[in-house]
Amino acid sequence: MLVETNDKDLGEEDISQPYVQDVIRDGQGHTTKLIIQKGAVFKKQLEVPVDRVQEIVPARNSASGSGHVLLDIDEREAETLNARGLEEVASEEEHQETLLGEVEKDLPTVEGVRAMEVQREIGNDQVDAQPLSPGTQARPSFWLRLLGPGFLAGMAGNDSSAVASYSVDGAQVGFGHLWLMLLSTPLYQAVQYACAQVGRLTQKGFSEVLREHYGRPSAVVASLALIIANIALITADLVAIGSGFQLLTNINWVWFVVPIALVLWYLTVFNNFETLKKIFILMSLGFVVYIITDIMARPDWGAILSNTFIPHIDFNFASISSAVALLGATISPYNIYWQVQGEKEERRPGTMQQKLRLAFWDIGIGVVSGNLIAYCIIICTATTLFTYHKTIATAADAALALVSIMGPAAKYLFAIGLIGAGLVAIPVLLASTSYAVTGTFGWPAGLSKKPWQSEGFYLILTGALILSLVLALCHLDPIQLILWANIISGVLAPVLVVFLLLVGNNRQIMQQRTFGWISNLLLVLTVLIMAAAAIILFYGLLTGQQ
């Protein structure tokens, strides 16, 4: 018999369904426990006491199967279950005692209990919880919790392809495009915050929203383009991380990619979202080395400020194509999918308005931090490689070229930053790929779920990583991979932002919280700039100017 819970907390809508594998009886022949099996690859077994069975629904006819069992297991209890192995579910009496203890600990007031009851009855995260008290915002733990999917998106935006784009831009154009980083910051913030609003208010992934309101074909086309671009970027990132370790150890990069892939897979699949978030926030500290490298380079800060606040436009194709790559590396399609789903999964305290405000600051910190790192990379390569007329094609080339100018320390610092960039970006790329596919087919998804709860999501994630690893070991040219990934992303990004505008201004979807005029204006500007960038990119490819 198949197994169900009231809120589908055991992954009943997944590609594999939970079912009764065995029945345990006592000496008198009475049923005492059910053995529940879930998952074909990521297997999980549960021993469920019979008093947790709410209802047994027999099959209406022989053709419809063997019926199903309805269990009394709620979302909070399902979250406490382990990622693998055999586990015993508490009896009804033990469960009630635990639930009452949690209520007394977390929600001791009458108002809190009422709020919990309302949320349970409605079963929707859109219901406003207890407001944050003024003292809550002063605790250090609050600031740690503030950093979430927005911060990780900002850091992951500086993946190896982005680091290469920023390095090449600085080496070719000098400080000439620093003003674009200033321009892209509010546009990037607007796009990511719009994604957070959609995820928080709809409690659905971006592919789910597209499929339900604009048809499955639109979700499929966007997903296919995103998958191809992401696979290329993941492959390039694996090679880049390996290249970073090669710079540090002088051991060929090939020996590093398989262990790196295995470690990242394990961390992403078998750690809960909160643990994963802390790990990747820690990894993102590696980007600080780019700031240190800037200090070592001793740049001309007067020229930097002038080029930051005064636009310098050069109409030769090399400069324009470099600007296109820079903008494309900043506003990435995969971050759109990541931010919508990430905000859906992120648990923020307070009312709806407070949750959105926290999301705004989370995204703001990520956007400013990510663009600051990009800004520092451009300054470093402009101060050194542009000044000394050094040409490069990759971030690894930049690290090697810096040795003759700044000494071996610069190479090691740049290599550490390159490794950190890939380690943070790959899980985001993998997750966004899986979000796109599962949303298109209506499967449950999320890094907050256990592998056996969302088996389809984690199998897609695993498959994407294996395919990328195979391509990396085939010694494909990472520069060509990045080029084609940027071409696909350049076309997809403005299309996704158009869909974002449609969703955000659709009252049927967003109800009373449609986008404001400032958000709409910034999103329209983003579409126009990204569309122009894509047209210029294709013009260069067609005329052979690249």
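Everything numeric here is computed off the predicted structure, so don't read it as measured data. We number each residue from 1, following the sequence as shown.
Contacts of Phe457 classified as ring-ring contact (aromatic ring centres under 6.0 Å, His included), with partners at least two apart in sequence or in another chain: Tyr435. Under the side-chain contact (heavy atoms from CB on, under 4.5 Å) criterion, Val437 pairs with Ile227, Phe441, Ile460, sequence neighbours left out. By the ring-ring contact (aromatic ring centres under 6.0 Å, His included) test, Phe515 is found to be paired with no residue, residues two or more places apart in sequence or in another chain being considered. Partners of Gln512 under the side-chain contact (heavy atoms from CB on, under 4.5 Å) rule, at least two apart in sequence or in another chain, are Arg507. Taking Lys8 as the reference, Glu4 meet the salt bridge (Lys or Arg N to Asp or Glu O under 4.0 Å) condition, with sequence neighbours excluded. Here Tyr193 pairs with Phe360 under the ring-ring contact (aromatic ring centres under 6.0 Å, His included) rule; sequence neighbours left out. With sequence neighbours excluded, the residues that form a salt bridge (Lys or Arg N to Asp or Glu O under 4.0 Å) with Glu77 are Arg52. Scored by the ring-ring contact (aromatic ring centres under 6.0 Å, His included) test, Phe270 finds Trp265, Tyr266 as partners (sequence neighbours excluded). Under the side-chain contact (heavy atoms from CB on, under 4.5 Å) criterion, Leu86 pairs with Gln45, Glu47, sequence neighbours left out. Residues meeting the side-chain contact (heavy atoms from CB on, under 4.5 Å) test with Asn82, sequence neighbours left out: Lys44, Glu87.
Across every non-hydrogen atom of Pro333 and Leu496, the tightest pair is CB-CD1, 3.7 Å. Counting all heavy atoms, side chain and backbone alike, Val239 lies closest to Ala472 at CG2-CB, 3.9 Å. Closest approach of Leu492 and Ala222 over heavy atoms only: CD2-O, 3.9 Å. Ala261 approaches Leu465 most closely through the heavy-atom pair O-CD2, 3.4 Å. Shortest non-hydrogen contact noted between Ile15 and Gly456 is CD1-CA, 3.6 Å. Contact detail for Gly205 and Val340: the closest heavy-atom pair is C-CG1, 3.9 Å.
To the nearest 0.5 Å, atoms CG (Leu423) and CG (Leu264) are separated by 5.5 Å. Separating the CG atom in Asn505 from the CE atom in Met510 is a distance of 8.5 Å, to the nearest 0.5 Å. For the atom pair CD1 of Ile336 and CD1 of Ile331, the computed distance is 8.5 Å after rounding to the nearest 0.5 Å. Remark: Tyr188 OH to Ser332 OG distance equals 6.0 Å, nearest 0.5 Å. In this structure, CD1 on Ile234 lies 12.0 Å from CD1 on Ile466, to the nearest 0.5 angstrom. The structure places OG of Ser468 at 6.5 Å from CG of Leu238, a figure rounded to the nearest 0.5 Å.
None of Gln37, Lys38, Lys43 except one satisfies the side chain to side chain donor-acceptor pair (under 3.5 Å) rule with Ser16; the exception is Lys38.
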**Request:** Would you sort out whether Ile35 and Val23 count as a side chain to side chain contact (heavy atoms under 4.5 Å, CB included), showing the intermediate values?
**Result:** CA-CA 6 Å; Ile35 304 297; Val23 176; over 6 Å; no

**Prompt:** What's the verdict on side chain to side chain contact (heavy atoms under 4.5 Å, CB included) for Val258 and Leu473, showing C-alpha distance, side-chain angles and the deciding distance?
**Reply:** CA-CA 9 Å; Val258 173; Leu473 294 174; 4.1 Å; yes

**Asked** Could you go step by step and tell me if Met1 and Ile56 meet the side chain to side chain contact (heavy atoms under 4.5 Å, CB included) rule?
**Response** CA-CA 9 Å; Met1 298 183 77; Ile56 298 178; 3.7 Å; yes

**Request:** Verify side chain to side chain contact (heavy atoms under 4.5 Å, CB included) between Cys195 and Leu500, making sure each step is shown before the conclusion.
**Result:** CA-CA 7 Å; Cys195 293; Leu500 197 57; 3.8 Å; yes

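Between Tyr334 and Thr433 the shortest side-chain heavy-atom distance does not fall below 4.5 Å. When side chains are defined from C-beta on, Ser432 counts as touching Asn230, because their heavy atoms get closer than 4.5 Å. Side-chain contact check for Thr32 versus Val50: every heavy-atom pair is 4.5 Å or farther apart. The shortest distance between side-chain heavy atoms of Phe42 and Leu459 falls below 4.5 Å. You'll find the side chain of Gln353 reaches within 4.5 Å of the side chain of Arg513, heavy atoms only. The shortest side-chain heavy-atom distance between Pro49 and Val89 falls under the 4.5 Å cut-off. Contact annotation: the side chain of Ile251 approaches that of Phe256 to within less than 4.5 Å [non-hydrogen atoms, C-beta and beyond]. Considering only heavy atoms from C-beta on, Arg348 stays 4.5 Å or farther from Leu356 through its side chain.
A salt bridge (charged side-chain N to carboxylate O under 4.0 Å, His left out) check over residues 437-455, counting only residues at least two apart or in different chains, returns nothing. Applying the salt bridge (charged side-chain N to carboxylate O under 4.0 Å, His left out) test to every pair with at least one member in residues 205-233, sequence neighbours left out, gives these pairs: Lys204-Glu212, Glu208-Lys344.
Counting only distance, with no hydrogens or angles, the side chain of Glu343 and the backbone of Ala196 share no donor-acceptor pair below 3.5 Å. In this structure a side-chain-to-backbone donor-acceptor pair under 3.5 Å is present from Gln189 to Gly364. Listed for the Gln17 side chain is a donor-acceptor partner under 3.5 Å among the backbone atoms of Glu12. Here the side chain of Glu345 pairs a donor or acceptor atom with the backbone of Ser448 at under 3.5 angstrom. For Asp362 (side chain) and Gly148 (main-chain N/O), a donor-acceptor pair under 3.5 Å exists by modelled atom type. Under the 3.5 Å distance criterion, the side-chain polar atoms of Trp338 are matched with a main-chain donor or acceptor of Pro149.
Taking 4.0 Å as the cut-off between side-chain N and carboxylate O, Glu346 and Arg200 do not count as a salt-bridged pair.
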